[in-house]
Amino acid sequence: IKYFCQCDKGTNKLDFENYFVLSPSHRNGLTRMKLTAFIIAAVLFASCQQEKSKEMPVVQVFDYILYPSEIAEYLPSNITAEDSMVLSQNYITHWITQKLLLQKAIENLPEQQDNIQKRVENYRTSLMIHQYRQLLMAQRIKDNIDEEKIRDYYEKNGSNFILSTPIAKAVFFMLPKGAPNMKEVRKWFLSDKAEDQDKLEDYCLTNARKYDKFNDSWVEVNHLLNLINEEGSQLMKDIKTHKKIERKDSNFYYFLKINDWQADNTVAPLSYVREDIILILRNRTRLEFESELERQINEEARRKNFVKIF
């Protein structure tokens, strides 16, 4: 393993003509000061290089060579010299280890090299095709799905969105025993007036141990049941019939108000499955685009005689 490092303080340049060869034991004994100077100097030198072919190496392992610019690319911007030294040292150590392991693998897996090379080439091919497709899709496919398409898909495929469990829009809050103004709280809770609901929300934000407002989004009723410390079957019956429920235990009062309800085994509301439909439509658009891309590229190849079948 060769480390190339020599700094000329007079010219403030690296002199690579004089280099030293380190065995692992010598490398471990290298002083922190020398190593710090080497790493920082090498990385700073990389910023002055325009082409790798003009760079002098930092480390060589067999025929593999590490250049300062490669280390510089790895380092984040705006870090201290100390952090730069630590990260650079770690990178160099990792790089050396990887090349040594690679060489051992080459020496000990001669019969598998062809298979490995094929797998590498297949991976490279797949990666490049994937990147190309992603680029085309980013250029030609809109991120937004028209609301009309969403609704049209929902209306034509409602049977695919049957609820397996009831859902609801609700308000839940939990108050500790001894909370103030409980008489007013119960009055606001039972009222449907907007003014009373605002007062209840202000109160809960200050006094409630837990306050969840699901008025604008659907939530599974099972989730609501889990918020109340009570056996579920009776509570489920009460939710279906009463809509406004108060429970208590030794420590808390529990309040649950059901503002909207959708039973299980019915078609889910559009707002509940909207994101699922968007995902479906995006995937369908992507598949249609990929199919059309393959058709067009094959058609162009035949037209321009890029393909010859023997």
Side-chain angles (χ1 to χ4, degrees), residues 143-282:
D143 287 335
N144 296 329
I145 304 294
D146 294 338
E147 193 63 34
E148 183 179 349
K149 290 183 178 180
I150 297 173
R151 181 169 293 279
D152 181 65
Y153 185 89
Y154 173 76
E155 292 174 353
K156 291 179 179 178
N157 299 275
S159 60
N160 294 333
F161 302 107
I162 302 299
L163 290 170
S164 60
T165 184
I167 58 175
K169 291 183 178 180
V171 175
F172 169 82
F173 58 96
M174 182 174 69
L175 299 175
K177 288 290 187 69
N181 303 322
M182 288 301 299
K183 183 177 180 180
E184 290 296 308
V185 169
R186 291 187 173 94
K187 185 185 78 170
W188 298 331
F189 174 67
L190 296 173
S191 172
D192 291 325
K193 295 180 180 179
E195 179 182 358
D196 289 337
Q197 294 305 303
D198 290 341
K199 291 178 181 178
L200 179 62
E201 181 172 8
D202 290 340
Y203 177 91
C204 288
L205 291 174
T206 303
N207 298 282
R209 180 64 59 89
K210 185 176 181 62
Y211 176 58
D212 289 323
K213 190 174 182 180
F214 303 107
N215 277 338
D216 298 325
S217 60
W218 294 95
V219 61
E220 291 186 2
V221 173
N222 287 331
H223 174 70
L224 300 175
L225 296 178
N226 291 332
L227 296 175
I228 299 177
N229 185 22
E230 185 179 317
E231 195 275 323
S233 59
Q234 181 59 46
L235 184 58
M236 176 67 83
K237 293 178 182 178
D238 291 345
I239 287 176
K240 290 180 179 179
T241 55
H242 298 299
K243 307 302 182 186
K244 296 175 183 178
I245 298 167
E246 179 183 346
R247 294 288 194 272
K248 66 180 180 179
D249 58 21
S250 58
N251 296 311
F252 297 100
Y253 295 106
Y254 303 89
F255 294 85
L256 178 63
K257 182 177 182 179
I258 304 297
N259 294 315
D260 203 352
W261 172 278
Q262 188 80 27
D264 55 339
N265 297 317
T266 62
V267 177
L270 173 58
S271 58
Y272 186 67
V273 295
R274 188 175 185 278
E275 292 302 318
D276 293 334
I277 293 175
I278 289 174
L279 182 61
I280 291 170
L281 292 177
R282 281 179 177 166

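Note that the numbering runs from 1 along the sequence shown for the chain. All values reported here derive from a predicted model rather than from experimental measurement. Atoms considered below: every heavy atom in the structure, side chains included; atoms not considered: hydrogens, waters and symmetry mates.
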Would you find more than 12 non-hydrogen atoms of other residues, nucleotides or ligands less than 6.0 Å from Asp216 atom CG? no
How about CD on Glu195, more than 12 heavy atoms from neighbouring residues, nucleotides or ligands closer than 6.0 Å, or not? no
Do the side chains of Val221 and Ile258 get nearer than 4.5 Å, heavy atoms only? no
Partner residues of His242 under the ring pair (Phe, Tyr, Trp, His ring centres under 6.0 Å) criterion, sequence neighbours left out: none
Between Glu184 and Lys187, is the closest basic N to carboxylate O distance under 4.0 Å? yes
pair Phe255-Arg186: side-chain heavy atoms closer than 4.5 Å: yes
Out of curiosity, Leu225 CG to Leu235 CG, how far, rounded to the nearest 0.5 Å? 5.0 Å
Which atom pairs, one a donor and one an acceptor, fall under 3.5 Å between side chains of residues 157-165 and the rest of the protein, sequence neighbours left out?
from	atom 1	to	atom 2	distance (Å)
Asn157	ND2	Tyr153	O	2.9
Thr165	OG1	Asn222	ND2	3.2

For the residue pair Phe189 and Phe173, does the interplanar ring angle fall in the parallel (under 30°), tilted (30 to 60°) or perpendicular (over 60°) class? perpendicular
Looking at every heavy atom in both Ala208 and Leu175, which two are closest together, and how far apart are they? CA-CD2, 3.5 Å
Hey, is the main chain of Tyr203 close enough, under 3.5 Å, to the side chain of Asn207 for a donor-acceptor pair? yes
Between atom OH of Tyr211 and atom CG of Leu200, what is the distance when rounded to the nearest 0.5 Å? 6.0 Å
Step by step, would you call Tyr154 with Arg274 a side-chain contact (heavy atoms from CB on, under 4.5 Å)? CA-CA 8 Å; Tyr154 173 76; Arg274 188 175 185 278; over 6 Å; no
Mind checking side chain to side chain contact (heavy atoms under 4.5 Å, CB included) for Leu190 and listing every partner two or more places apart, or none if nothing turns up? Lys244
Shortest non-hydrogen contact between Lys213 and Val171, atoms and distance: CG-CG2, 4.1 Å
Could you tell me if the side chain of Lys210 sits less than 4.5 Å from the side chain of Phe252, heavy atoms only? no
If you measure from CZ on Arg151 to CD1 on Ile277, what distance do you get to the nearest 0.5 Å? 9.5 Å
Of all heavy-atom pairs between Pro269 and Ile167, which one has the smallest distance, and what is that distance? CD-CD1, 3.7 Å
Give a yes or no on whether the backbone of Trp188 and the side-chain of Gln197 come within a donor-acceptor separation of less than 3.5 Å. yes
Using side-chain heavy atoms (C-beta onward) and a distance below 4.5 Å, is Met236 in contact with Pro166? yes
Residues in ring pair (Phe, Tyr, Trp, His ring centres under 6.0 Å) with Tyr254, at least two apart? none
Can you tell me how far the CD1 atom of Ile228 sits from the CG atom of Asp238, to the nearest 0.5 Å? 9.5 Å
Mind listing the side-chain donor-acceptor pairs of residues 260-267 below 3.5 Å, one per line with the distance, residues two or more places apart or on another chain?
from	atom 1	to	atom 2	distance (Å)
Gln262	NE2	Thr266	OG1	3.1
Gln262	NE2	Val267	O	3.3
Thr266	OG1	Ala263	O	2.5

Rounding to 0.5 Å, atoms CD1 (Ile145) and CD (Glu275) come to a distance of 11.0 Å
Applying side chain to side chain contact (heavy atoms under 4.5 Å, CB included), name anything that partners Lys248, two or more places apart in sequence or on another chain. Lys177, Tyr253
Start with the C-alpha gap between Leu224 and Leu227, add the side-chain angles, then the distance that decides, and say whether side-chain contact (heavy atoms from CB on, under 4.5 Å) holds. CA-CA 5 Å; Leu224 300 175; Leu227 296 175; 4.2 Å; yes
CD1/Ile150 to CG/Asp276 distance, rounded to the nearest 0.5 angstrom? 11.5 Å
